Amino acid sequence: MPPRTGNTSKSNIELVNSSESDTTIIDYFHIDNHKSLIHFSDSTLNNFFQQYDPVRKRDIDYVSLGNQGSSAFSQEYTFQKNIGYDYGFHQYDLYKKNISTHKFYTVNKAFNDLYFSPMAGQRNFIVKGLFANKYADDIDFTIDFERINQDGFYNNQFAKSTSLGVSLSYSPSTKYQLLFNFFTNNHNEEINGGVTTDTLFNALFFDIRENIPTVLDSASTRQESRSYHVNQFLRLTNDSTLLDMGLHHHLRISEGYIRFYDNGRDSFENKFYDSFKKDTRGIRFFMDFTEVSNDIDISTALSDKANLTAGLQHNYHRIQTDVGAFSVNNILLKGKLLFTPNSSIHLKSQLQLGFLRSAGNLLFENELDLDIYKGQKIKLGFNFSRYNPSYLQDELILTQSSIWQNNFAKIIESEIWGIAEIPFLKSSIQLSQMIIDNSIFLNTESFYEQNINVLSITKLIFKNKLDFRGLHLRNTILIQKFSEELYFHLPELWTKHIAFFEFRIFRSNLLTRLGLEGRFTPSKKASNYNPFLGQLYQSDDTIMFYPEVDFFSTFQIDKFRMFIRLENISDLFRNDILYEVNNYPQFDFRFRFGIRWVLSN
């Protein structure tokens, strides 16, 4: 079993009024730091408990097609760290469970974390369940399940996302640890192409949104994936304060498929597919994939000052499309350095070099953490990557016909960044400057192009907390400046503000919060959505400013939590409609509630 640490800095759950007895142990660890346990703190009113939607349950929101569980995209441009083979489909990444974020629980009693949130009928809901238990002195078991089921309110808008993560941890000694994982992620979504007009929202009978005509009525997409992981950690040296060596092997087997089809009678005549028509019977995208990955590394730690890891990773991909199958082999040579000369200085450096299909690819990451004075911290970093275009950018086959065969150059990105944390102001400021060469983008016809110009992105993120007695404010501001806005579909300014009162009632037994949550984006250039690519692309339209404001209340008594939300209350006072993606309306004014119950026995 990993040693337990008192450090909860990696946990996004704060301790507030926990009533766990001293004899109950509920800890967990992540795969990237399997030697350190993090204590589970029983407080869920923090960390966006009032927000049920994964798109918004974070500091910086994603944008979606308007329905719960629909395709979602980040509003923030981030540095590309993956230099391996990329299929190019990421519209459901937000909902997926994976080994990087999975929590391996170790407990001394059965532990359950249950969640349910319905809205507007029995077929619109989110349900989550986490169970952990120890079945022997050396075996820990965790199962983590989540389902989003949403019929939606417009025609052909159904979305369902089901994710499951299972882990088994076996630690017979302090020298050996075996971790087994299984993940499955299934995503089904009907795509209506957006509404055909915005003139009917306030007309008679059209308050029932299914009556508003949409572009598509039979398009649908499905993505399914399963992955199996076996991680083995072997300590090669005896207990020593001077030298500690370890061997790690990770075997991963993944398989799945990606589908899109529209076999509607009018799909061939529909102008939505004008640039891609090849078959009068409809339009279809089909891809099966299998991946086998072997990753082995050896680490050497010199006391508590330095840790050096070197390893090799081989990835085998087999892809089956409508017109045939092919395989891809990648090798990555990897190295990592952690250096801590004293308690105030922490240096992290990582290097990856690609061979075979990834020949010439490179990832170089550096982070320096400095503890300046009384908790005031500064983080500085430099990143560089060189990577291949994705499969989707290279090739597209629809309905057994080749749409494009591209021969793009490798993309090159570099980033200089810094974060300053100011505890006495409860604030942090993050500033980064990125340079991108050979960037690839989708034009207004939804075809990929490579930009020969060097693009620059300047990004600033400001986070702040203000607390005065029972009044609490949480502010997040995102500013992005692009050298050429034409190639990006991201906002230059986006802000989120949460204000709430916190107090206790019923003899101080019920912790209560009443608040408002607002998200604001100035008028911006709209993005269209391509359903078979799963990508946003350029539009000549504009999305106008809309003040998105929600009311919420949360309640906590012992291990039971509840929230109530009145969403998009601006809709009660305005005649226009909220959009995040062109022609895909967001929810009107809605009521929603949710409950969470944490149990251990």
Side-chain angles (χ1 to χ4, degrees), residues 9-10 30-36 59-60 74 76-86 90 93 98-101 231 246 248 250 252 293 295-302 305-315 330-341 344-355 357-371 377-390 410-421 428-439 454-461 480:
S9 62
K10 292 187 179 181
H30 293 290
I31 190 68
D32 62 348
N33 195 6
H34 68 106
K35 293 182 179 181
S36 298
D59 288 328
I60 298 175
S74 176
E76 173 192 1
Y77 191 91
T78 54
F79 175 79
Q80 172 63 268
K81 298 182 179 181
N82 178 22
I83 64 169
Y85 193 68
D86 181 15
H90 298 287
D93 285 1
N98 58 70
I99 196 169
S100 299
T101 58
N231 278 274
H248 168 232
H250 178 198
R252 173 170 57 91
S293 173
D295 191 345
I296 188 167
D297 59 72
I298 186 168
S299 60
T300 302
L302 300 174
K305 303 296 184 181
N307 187 301
L308 179 63
T309 303
L312 192 68
Q313 178 179 323
H314 173 258
N315 293 285
N330 284 328
I331 288 181
L332 294 178
L333 182 65
K334 303 191 297 183
K336 182 185 296 184
L337 172 67
L338 303 177
F339 180 58
T340 308
S344 299
I345 300 176
H346 305 272
L347 174 65
K348 304 175 186 177
S349 187
Q350 178 179 215
L351 177 66
Q352 294 184 11
L353 295 174
F355 297 92
R357 175 63 170 76
S358 296
N361 290 2
L362 171 68
L363 174 65
F364 188 39
E365 293 183 276
N366 298 274
E367 179 182 327
L368 178 63
D369 297 354
L370 302 173
D371 194 342
K377 298 180 180 180
I378 293 178
K379 297 182 179 182
L380 303 172
F382 169 74
N383 301 323
F384 178 89
S385 68
R386 186 172 186 260
Y387 56 94
N388 293 326
S390 69
K410 293 180 184 291
I411 301 101
I412 301 173
E413 294 190 17
S414 60
E415 178 185 31
I416 300 175
W417 60 271
I419 301 176
E421 298 180 5
S428 70
I429 300 174
Q430 175 181 340
L431 181 64
S432 69
Q433 179 66 52
M434 284 174 275
I435 301 295
I436 309 172
D437 194 11
N438 297 329
S439 62
V454 176
L455 304 181
S456 67
I457 303 173
T458 304
K459 181 173 66 176
L460 184 145
I461 300 174
Q480 301 177 110

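All residue numbers in this chain count up from 1 along the given sequence. None of the values given here were measured: they were computed from a predicted structure.
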Colleague: Using 4.0 Å as the upper bound for N to carboxylate O, is an ion pair formed by Lys334 and Asp295?
Modeller: yes

Colleague: Considering non-hydrogen atoms only, spot the tightest contact between Tyr77 and Lys459 and give its length.
Modeller: O-NZ, 2.9 Å

Colleague: If you compare all heavy atoms of Ser358 against all heavy atoms of Asn330, which two are closest, and at what distance to 0.1 Å?
Modeller: OG-OD1, 2.8 Å

Colleague: What is the distance from atom CG of Leu351 to atom CZ of Phe364, rounded to the nearest 0.5 Å?
Modeller: 6.5 Å

Colleague: Could you check whether any side-chain heavy atom of Trp417 comes within less than 4.5 Å of a side-chain heavy atom of Met434, counting everything from C-beta outward?
Modeller: no

Colleague: Is there a side-chain contact between Thr340 and Leu347, using heavy atoms and a 4.5 Å cut-off?
Modeller: no

Colleague: Testing the 3.5 Å rule here: is there a donor-acceptor pair between the side chains of Gln80 and Asn82?
Modeller: no

Colleague: Under the criterion side-chain contact (heavy atoms from CB on, under 4.5 Å), which of Gln352, Gln350, Lys336 is the partner of Glu365?
Modeller: Gln350

Colleague: Nearest 0.5 Å, please: how far is CD1 in Ile419 from CD1 in Ile461?
Modeller: 8.0 Å

Colleague: Between Glu415 and Gln433, is a side-chain contact (heavy atoms from CB on, under 4.5 Å) present by the stated rule, with each step listed?
Modeller: CA-CA 6 Å; Glu415 178 185 31; Gln433 179 66 52; over 6 Å; no

Colleague: Has the side chain of Lys305 got a donor or acceptor atom that lies under 3.5 Å from a matching backbone atom of Pro341?
Modeller: yes

Colleague: Just jot down the side chain to side chain contact (heavy atoms under 4.5 Å, CB included) partners of His90, sequence neighbours excluded, or say none.
Modeller: Asp86, Asp93

Colleague: Does any part of the side chain of Phe79, heavy atoms only, come nearer than 4.5 Å to the side chain of Ile457, both counted from C-beta?
Modeller: no

Colleague: How about NZ on Lys410, more than 12 heavy atoms from neighbouring residues, nucleotides or ligands closer than 6.0 Å, or not?
Modeller: yes

Colleague: Any chance CD1 of Ile416 has more than 12 other-residue heavy atoms, nucleotides or ligands included, within less than 6.0 Å?
Modeller: no

Colleague: Any side-chain to backbone donor/acceptor pair from Asn361 onto Ile83? Under 3.5 Å, distance only.
Modeller: yes

Colleague: Measuring from Ser344:OG to Leu370:CG, what's the distance to the nearest 0.5 Å?
Modeller: 8.5 Å

Colleague: Might you point out which heavy atoms bring Asn307 and Ser299 nearest each other, and give the distance in Å?
Modeller: OD1-CB, 4.1 Å

Colleague: Using side-chain heavy atoms (C-beta onward) and a distance below 4.5 Å, is Ile345 in contact with Leu368?
Modeller: yes

Colleague: In Å, rounded to the nearest 0.5 Å, how long is the span from CD1 of Ile412 to CD1 of Ile436?
Modeller: 11.5 Å

Colleague: Can you name the side chain to side chain contact (heavy atoms under 4.5 Å, CB included) partners of Ser428, sequence neighbours left out?
Modeller: Glu421, Lys463

Colleague: Could you measure the distance from the CG atom of Asn315 to the CG atom of Leu332? Nearest 0.5 Å is fine.
Modeller: 6.0 Å

Colleague: Any side-chain heavy atom of Glu413 sitting closer than 4.5 Å to one from Phe384?
Modeller: no

Colleague: Residues in side chain to side chain contact (heavy atoms under 4.5 Å, CB included) with His248, at least two apart?
Modeller: Asn231, Phe233, His250, Asp297

Colleague: Which value, rounded to the nearest 0.5 Å, describes the distance between Thr458 atom OG1 and Ile435 atom CD1?
Modeller: 7.5 Å

